[in-house]
Colleague: 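Structure incoming, see below.
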Amino acid sequence: MASDNLRLGIVPKHSYKPPGTGQPSWDDIRAFVAVASHGSMNKAGKALTESQATVSRRMQRLENDLDVRLLERGVNSVIILPAGYDLLQTVSPMSEAVQEISGAMSAHRSDAGAPLKITTTNTMSLFLAAHFREIAAAIAPRSFVVLPTRRILDIVRGEADIALRMRNPSPDRELLVRKVGNVMFAVYGIKDHDGLPMVMPSGDAAVSKLRACAELVLAERTKGPQIDELHLRLQAIKGGVGVGLLPYWIGDSDPALFRVHDDPFGTFTDDIFMIRTARSKSDPDVLALAEALARLLRKHRAALSGKQ
């Protein structure tokens, strides 16, 4: 009888789930973020230590649960659709929170040999990632971790040892603040960028400098999707979704990208401030890390400012 029902398309009432009412799995969402970040299911599978077939099934299940198409599947790549970028924007705080868990908990441990914690923006975390070996050598045998987040971690309470931030904090006797460089941006796009919209950071232009800079370009462009995560914005620009702001050191190093709008007046510039506690002056490991970071930023000043 059950097989007759299935053959006739009759589904038992208790097993029926209307499309769009499913609760998506965090593992499936995490897989989708990996697919968007790496640009293909095969590369995402390697990053997640899962097979490509498993990642593909996760994408299908996620789309079924949400009742919306998130991506176009190619032979060796994927194209993120507008609904996919909206999902990435929505889950970005969740991804950040997961990344911060280990660092936040380490603030409550008394292990003097625990990794030193650097909190910074996504842009600067990608820059540091390219130079991990150099930083590690400067503070060996002590190790370090990078906590990329837009949330301002409390250094005084031990949530991080050093912060690299784009804003000078309010004066505080417990903090030592030092300007260590700047990072400059330009608007990049693929070769055939005419008519493409502007990929926008989210937020209020009165608060977000990056949003304010992006809006300066809108006289010549329509608004495209909002994408805050730098690596996702890079993928969208390279995929022809639109043009958008990228740091010089990323955009100039990619042969597939071209400067669409340069920045001769320095409007698209962020100063970089290093922040640590006054008591860190007595911690040789924190001092060594601070000097290693300052030295690294001096060494790559030309690339960060677009003069290289």
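Only heavy atoms go into these numbers, but all of them, side chains included; no hydrogens, no water, no symmetry mates. Here, residue 1 is the first one in the sequence, and each next residue gets the next number.
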Colleague: So if I apply the side chain to side chain contact (heavy atoms under 4.5 Å, CB included) rule between Pro148 and each of Leu230, Asn122, Leu126, which one comes out positive?
Modeller: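 Single side chain to side chain contact (heavy atoms under 4.5 Å, CB included) partner of Pro148 among Leu230, Asn122, Leu126: Asn122.
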Colleague: To the nearest 0.5 Å, what is the distance between CZ (Phe258) and OH (Tyr188)?
Modeller: 12.0 Å
Colleague: For residues Arg221 and Met200, determine if any side-chain heavy atom of one lies less than 4.5 Å from a side-chain heavy atom of the other.
Modeller: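 Sidechains of Met200 and Arg221: no contact.
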Colleague: Going from CG on Leu66 to CG on Asp86, what distance comes out if it is rounded to the nearest 0.5 angstrom?
Modeller: 11.5 Å
Colleague: Can you tell me how the ring of His131 sits relative to the ring of His300, calling it parallel under 30°, perpendicular over 60° and tilted otherwise?
Modeller: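 The rings of His131 and His300 sit tilted, inter-plane angle from 30° to 60°.
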Colleague: If we ignore hydrogens and angles and just use 3.5 Å, is the side chain of Arg142 paired with the main-chain N or O of Ala114 as donor and acceptor?
Modeller: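 Yes: the side chain of Arg142 pairs with the backbone of Ala114.
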Colleague: Could you state whether Leu71 and Ile79 fall into the same hydrophobic cluster, counting links through intermediate Ile, Leu, Val, Met, Phe, Trp or Tyr residues with side-chain heavy atoms under 4.5 angstrom apart?
Modeller: no
Colleague: Distance from Asp252 atom CG to Leu257 atom CG, nearest 0.5 Å?
Modeller: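 So the gap between those two atoms works out to 9.5 Å.
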Colleague: Between the side chain of Arg279 and the main-chain N/O of Val156, is any donor-acceptor distance below 3.5 Å?
Modeller: yes
Colleague: Between Arg30 and Trp26, is there a side-chain heavy-atom distance shorter than 4.5 Å?
Modeller: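 A side-chain contact exists here, since the closest heavy-atom pair is under 4.5 Å.
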Colleague: Determine, stepwise, if the pair Val35 / Val55 fulfils side chain to side chain contact (heavy atoms under 4.5 Å, CB included).
Modeller: CA-CA 8 Å; Val35 169; Val55 174; 3.6 Å; yes
Colleague: Going through the distances and angles, do Leu293 and Leu128 end up as a side chain to side chain contact (heavy atoms under 4.5 Å, CB included)?
Modeller: CA-CA 9 Å; Leu293 293 173; Leu128 295 180; 3.9 Å; yes
Colleague: For a 4.5 angstrom cut-off between non-hydrogen side-chain atoms, does Glu229 reach Gln235?
Modeller: no
Colleague: Are Thr121 and Asp270 side-chain neighbours, meaning at least one heavy-atom pair lies under 4.5 Å?
Modeller: no
Colleague: Strictly distance-based, threshold 3.5 Å: is any side-chain N or O of Ser253 a donor or acceptor partner for the main-chain N or O of Trp249?
Modeller: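 Indeed, once roles are kept as given, a pair shorter than 3.5 Å links the two residues.
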Colleague: Is there side-chain contact between Leu304 and Leu297, with heavy atoms separated by less than 4.5 Å?
Modeller: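 They are in contact (side-chain heavy atoms under 4.5 Å apart), so the answer is yes.
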Colleague: For Gly240 and Ile190, which heavy atoms make the closest approach, and how far apart are they?
Modeller: CA-CD1, 3.7 Å
Colleague: Keeping Arg165 on the side-chain end and Phe273 on the backbone end, is there a donor-acceptor pair under 3.5 Å?
Modeller: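 No; zero donor-acceptor contacts below 3.5 Å.
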Colleague: Can you find a heavy atom in the side chain of Met166 that is under 4.5 Å from one in the side chain of Val183?
Modeller: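 Heavy-atom side-chain distance check passes, below 4.5 Å.
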Colleague: Check whether any side-chain N or O of Glu63 sits under 3.5 Å from a backbone N or O of Leu70 as a donor-acceptor pair, and report yes or no.
Modeller: yes
Colleague: Enter the distance from Ile135:CD1 to Ile118:CD1 here, rounded to the nearest 0.5 Å.
Modeller: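 One gets 5.5 Å once the value is rounded to the nearest 0.5 Å.
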Colleague: Would a 4.5 Å heavy-atom cut-off, applied to side chains only, mark Ile250 and Phe185 as touching?
Modeller: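 Not touching, per the 4.5 Å side-chain cut-off.
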Colleague: With rounding to the nearest 0.5 Å, note down the distance linking CD in Glu72 to CD1 in Ile80.
Modeller: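 Here the rounded value is 10.5 Å.
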Colleague: If hydrophobic clusters are built by linking Ile, Leu, Val, Met, Phe, Trp and Tyr wherever their side-chain heavy atoms come under 4.5 Å apart, do Ile275 and Val145 end up in the same one?
Modeller: no
Colleague: Please check if the side chain of Thr120 supplies one atom and the backbone of Leu164 the other of a donor-acceptor pair under 3.5 Å.
Modeller: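 Confirmed, Thr120 side chain pairs with Leu164 backbone.
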Colleague: In the structure I gave you, are the side-chain heavy atoms of Glu174 and Thr277 within less than 4.5 Å of one another anywhere?
Modeller: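 No. Closest side-chain heavy atoms not under 4.5 Å.
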Colleague: Is there a side-chain hydrogen bond (donor to acceptor under 3.5 Å, both in side chains) between Thr269 and Asn182? Walk through the geometry before answering.
Modeller: CA-CA 7 Å; Thr269 303; Asn182 57 50; over 6 Å; no
Colleague: Linking I/L/V/M/F/W/Y whenever their side-chain heavy atoms sit closer than 4.5 Å, directly or via other members, would Val241 and Val33 fall into one cluster?
Modeller: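 Yes, same cluster.
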Colleague: Which of these passes side chain to side chain donor-acceptor pair (under 3.5 Å) with Thr54: Gln52, Arg57, Arg58?
Modeller: Arg57
Colleague: Kindly compute the distance separating CZ (Phe127) from CG (Leu296), expressed to the nearest 0.5 Å.
Modeller: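 Answer rounded to 0.5 Å: 4.5 Å.
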Colleague: Provide the closest heavy-atom pair for Ala236 versus Ile227 in the form atom of the first, atom of the second, distance.
Modeller: CB-CD1, 3.7 Å
Colleague: Are Leu289 and Val177 joined in one hydrophobic group, where the rule is that I, L, V, M, F, W and Y side chains link up if heavy atoms are under 4.5 Å apart?
Modeller: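 No, because Leu289 and Val177 fall into different hydrophobic clusters, even though each may have its own neighbours under 4.5 Å.
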Colleague: Does Leu245 offer a backbone N or O that forms a donor-acceptor pair with the side chain of Arg233 under 3.5 Å?
Modeller: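 Yes, Arg233 side chain to Leu245 backbone: donor-acceptor pair under 3.5 Å.
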Colleague: Pair Glu159, Thr119 - check side-chain hydrogen bond (donor to acceptor under 3.5 Å, both in side chains), show working.
Modeller: CA-CA 9 Å; Glu159 288 187 318; Thr119 177; over 6 Å; no
Colleague: Check the hydrophobic clustering (I, L, V, M, F, W, Y; side-chain heavy atoms under 4.5 Å; chains of links allowed) and say if Leu176 and Val286 are grouped together.
Modeller: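 No, Leu176 does not connect to Val286 through the hydrophobic network.
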Colleague: His261 and Met198: side chain to side chain contact (heavy atoms under 4.5 Å, CB included), yes or no, with the steps?
Modeller: CA-CA 11 Å; His261 297 278; Met198 181 71 183; over 6 Å; no
Colleague: Closest heavy-atom contact between Ala47 and His38?
Modeller: CB-NE2, 3.4 Å
Colleague: Determine yes or no for a side-chain-to-main-chain donor-acceptor pair under 3.5 angstrom, with Asp228 supplying the side chain and Ser202 the backbone.
Modeller: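 Checking the backbone N and O of Ser202 against the side chain of Asp228, a donor-acceptor pair under 3.5 Å is found.
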Colleague: What are the two closest heavy atoms between Ile155 and Ile162, and how far apart are they?
Modeller: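 Looks like CD1-C, 4.3 Å.
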Colleague: Does the side chain to side chain contact (heavy atoms under 4.5 Å, CB included) test come out yes or no for Ile272 and Lys179, once each step is laid out?
Modeller: CA-CA 6 Å; Ile272 307 170; Lys179 182 180 174 181; over 6 Å; no
Colleague: Which heavy atom of Ala278 sits nearest a heavy atom of Arg173, and at what distance?
Modeller: CB-O, 4.0 Å
Colleague: Do any N or O atoms from the side chain of Ser280 and from the backbone of Asp283 form a donor-acceptor pair under 3.5 angstrom?
Modeller: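 A pair under 3.5 Å: no.
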Colleague: Is the shortest distance from a Lys or Arg side-chain nitrogen in Glu291 or Arg276 to a carboxylate oxygen in the other one below 4.0 Å?
Modeller: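 No salt bridge links Glu291 with Arg276.
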Colleague: Would the number of heavy atoms belonging to other residues, nucleotides or ligands and lying under 6.0 Å from CZ of Arg301 be above 12?
Modeller: no
Colleague: Compare every heavy atom of Leu88 with every heavy atom of Ala36, then report the nearest pair and how far apart it is.
Modeller: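 Of all heavy-atom pairs spanning Ala36 and Leu88, the closest is CB-CD1, 3.7 Å.
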